[in-house]
Amino acid sequence: MFSLGIFKVGINQPFLDWVILFFSLILGIIPFAIFGFFIGYILEANIISLVSAFIIGLAMFSSGTIPLPGMPEWLQNLIPFSPSK
């Protein structure tokens, strides 16, 4: 992604900014990796797919990817109770 930003888009940043961005992304990945290991260790293999589908659905319908006006009314009423709001 960094090479795409540098060569294709033409983003010009000092090298130190790219290093800081890289390590920031790595630090941001760590909690999700730990959560994934925790879920994989605690739950059985056939249940993990259900939990993953629930988490992905929760992320999509918490108005992060789908615009609020495009959702059904009953789902719009649930958005204030989602974790991202």
Side-chain angles (χ1 to χ4, degrees):
M1 291 304 294
F2 294 140
S3 61
L4 178 68
I6 294 170
F7 298 115
K8 188 72 173 168
V9 181
I11 298 174
N12 188 9
Q13 295 290 330
F15 180 72
L16 183 61
D17 288 351
W18 290 109
V19 172
I20 291 171
L21 178 62
F22 174 77
F23 285 110
S24 302
L25 291 171
I26 296 299
L27 284 174
I29 290 170
I30 290 173
F32 293 102
I34 292 171
F35 180 69
F37 283 126
F38 175 75
I39 294 294
Y41 182 74
I42 297 297
L43 299 176
E44 296 177 14
N46 57 354
I47 297 176
I48 292 176
S49 62
L50 293 173
V51 172
S52 299
F54 175 73
I55 291 172
I56 290 171
L58 184 64
M60 285 182 61
F61 290 116
S62 63
S63 75
T65 56
I66 300 173
L68 193 58
M71 294 182 184
E73 185 177 345
W74 63 270
L75 192 54
Q76 289 180 13
N77 294 333
L78 293 177
I79 294 300
F81 302 105
S82 69
S84 66
K85 290 291 175 180

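Note that the numbering runs from 1 along the sequence shown for the chain. Please read all numbers here as calculations on a predicted model, not as lab measurements.
- Following chains of ILVMFWY side-chain contacts shorter than 4.5 Å, one cannot reach Ile42 starting from Leu50, and the two form parts of different hydrophobic clusters.
- Under the 4.5 Å side-chain heavy-atom criterion for grouping Ile, Leu, Val, Met, Phe, Trp and Tyr, Ile39 is connected to Tyr41 within one hydrophobic cluster.
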Review item, side-chain donor-acceptor pairs of residues 1-16, under 3.5 Å, at least two apart:
none

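- A single hydrophobic cluster is seen to contain both Phe22 and Trp18, as judged by linkage of ILVMFWY side chains at heavy-atom distances under 4.5 Å, directly or through other members.
- Only one option out of Leu21, Val19, Leu27 pairs with Phe23 in a side chain to side chain contact (heavy atoms under 4.5 Å, CB included); it is Val19.
- Note: the hydrophobic cluster containing Phe38 also contains Leu43 (ILVMFWY, side chain heavy atoms under 4.5 Å, direct or indirect links).
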